[in-house]
A.B. asks: 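Mind having a look at this structure? Questions to follow.
These numbers come from the heavy atoms of this one structure, side chains and all, not from hydrogens, waters or symmetry mates.
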Amino acid sequence: NGAPVIQPGLLGVVTTAPPQNPHVLNDAIFAAASDLAKRERSRRKIVLVVSDGLNNGSNHEFDETAKSLLESGVQVYAIALDQPVLFRKFSVLDDYARTTGGDVFFENSIQKIEAAYALATEEARNQYILGYVSNNEIAGPGPVFRNIEVKLARGGFETRHRKGYEQYP
């Protein structure tokens, strides 16, 4: 952030750290997905992001980051701060949540942020895991992205699920 810092081991030497771009949201989520990918496949993997949703200067694009999240089985829950109502459905935080089966909460006060945190953790703890084995054939050497659609027999309920997965040969 460009603030002066005292370097360790050099008494009295003050330098200025070079300013860093504070809006590298894709890079932060990509790094979290990379760290969580090292965990056992059977463990739940969730990232809780508290952010204004701004993303400028990231080295990773949304598609690359979303693919990394899906490959690692990571869900994104987001608490979005200071988002105007008209921009909420176009927020990258909403895109991450919808893609991974997580959720996003748009809040603007400390009390609402705390409530959103409690709701996000409650949602993450109370989920069902559905599984199946695909019988689709893969033509070619690379993975194929398969869309997932979940339908309920009864109305009055809401589903949240990731958009799909990569099927490998």
A.B. asks: So, taking the atom named CD in Gln167 and the one named CG in Asn136, what distance separates them when rounded to the nearest 0.5 Å?
C.D. replies: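 Interatomic distance, Gln167 CD to Asn136 CG, rounded to 0.5 Å: 5.5 Å.
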A.B. asks: So how far is it from Thr100 OG1 to Leu70 CG, rounded to the nearest 0.5 Å?
C.D. replies: 7.0 Å
A.B. asks: Is it true that Leu69 and Ile46 fall in one hydrophobic cluster, defined by side-chain heavy atoms closer than 4.5 Å?
C.D. replies: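 In one cluster with Leu69: Ile46, no.
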A.B. asks: Could you report the tightest heavy-atom contact between Ser72 and Ala33, atom names first, then the distance?
C.D. replies: OG-O, 3.8 Å
A.B. asks: Charged N to carboxylate O under 4.0 angstrom, Glu64 versus Lys67?
C.D. replies: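 Judged by the 4.0 Å cut-off on N to carboxylate O distance, Glu64 and Lys67 do not form a salt bridge.
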A.B. asks: Does Ile110, at its CD1 atom, have more than 12 non-hydrogen atoms belonging to other residues, nucleotides or ligands within less than 6.0 Å?
C.D. replies: no
A.B. asks: Is there side-chain contact between Leu93 and Leu25, with heavy atoms separated by less than 4.5 Å?
C.D. replies: yes
A.B. asks: Kindly compute the distance separating CG (Leu54) from OG (Ser91), expressed to the nearest 0.5 Å.
C.D. replies: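 It is 9.0 Å, given to the nearest 0.5 Å.
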A.B. asks: Could you tell me which residues satisfy ring-ring contact (aromatic ring centres under 6.0 Å, His included) with Phe30, sequence neighbours excluded, listed by chain and number?
C.D. replies: His60
A.B. asks: For residues 88-126, pull every pair meeting ring pair (Phe, Tyr, Trp, His ring centres under 6.0 Å), keeping only residues two or more places apart or in separate chains.
C.D. replies: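 Pairs touching residues 88-126 that pass the test: Phe62-Tyr96.
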A.B. asks: Indicate, with yes or no, if Leu48 and Ile29 share a hydrophobic cluster defined by side-chain heavy-atom contacts under 4.5 Å among Ile, Leu, Val, Met, Phe, Trp and Tyr.
C.D. replies: no
A.B. asks: Report yes or no: do Ile79 and Val104 belong to one cluster of Ile/Leu/Val/Met/Phe/Trp/Tyr joined by side chain heavy-atom distances under 4.5 Å?
C.D. replies: no
A.B. asks: Which is it for Glu107 and Val50 under the side-chain contact (heavy atoms from CB on, under 4.5 Å) test, yes or no, and what are the steps along the way?
C.D. replies: CA-CA 10 Å; Glu107 306 302 351; Val50 180; over 6 Å; no
A.B. asks: Report yes or no: do Val74 and Val49 belong to one cluster of Ile/Leu/Val/Met/Phe/Trp/Tyr joined by side chain heavy-atom distances under 4.5 Å?
C.D. replies: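 Same cluster.
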A.B. asks: Name all pairs fulfilling the salt bridge (charged side-chain N to carboxylate O under 4.0 Å, His left out) condition that reach into residues 26-55, sequence neighbours left out, sorted by first residue then second.
C.D. replies: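 Non-adjacent pairs meeting salt bridge (charged side-chain N to carboxylate O under 4.0 Å, His left out): Asp35-Lys38.
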A.B. asks: Where do Val24 and Asn55 come nearest, in terms of heavy atoms and distance?
C.D. replies: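 Reported closest heavy-atom pair: C-OD1, 3.7 Å.
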